[in-house]
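Note sheet for the following structure.
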Amino acid sequence: QIQAGFLPGGQIAVATHLGPYEGLPTTGQALAEWALSQGFEATGPNWEVYLVTPGVESDPAKWRTDICKQVRPVA
């Protein structure tokens, strides 16, 4: 099922994950920790952009996913 969604405007932090999808949560957590160390806090959930997928590359080590997190300066 496909549903339309909405991503509000604002600043984002992006990390590129290389490898199998099982590692996405670890990369997402590292992104959140990095953003906080830079003076930003997350304002919503992550979203992913799948750049190199199983449909293009059969080797999971070569899969590439950008993890995006909307952030704002810590008050």
Quick one: does [X]'s side chain get under 4.5 Å of [Y]'s, heavy atoms only?
X     : Y     : result
Arg72 : Glu41 : yes
Trp47 : Pro45 : no
Ile12 : Phe40 : no

Can you tell me how far apart [atom1] ([X]) and [atom2] ([Y]) are? Round to the nearest 0.5 Å.
X     : Y     : atom1 : atom2 : result
Gln29 : Ile67 : CD    : CD1   : 11.0 Å
Leu18 : Trp63 : CG    : CH2   : 13.0 Å
Gln11 : Gln70 : CD    : CD    : 9.0 Å
Leu24 : Asn46 : CG    : CG    : 9.5 Å

Requested in this report: Using the six-membered ring wherever Trp is involved, compare the ring planes of Tyr50 and Tyr21 and label them parallel, tilted or perpendicular (cut-offs 30° and 60°).
Outcome: perpendicular
Check: Pro73 main-chain N/O paired with Gln38 side-chain donor or acceptor under 3.5 Å = no
Taking every heavy atom of Val71 against every heavy atom of Ala35, the minimum-distance pair comes out as CG1-CB, 4.1 Å
Shortest non-hydrogen pair, Lys69 vs Gly44, comes out as NZ-O, 4.4 Å
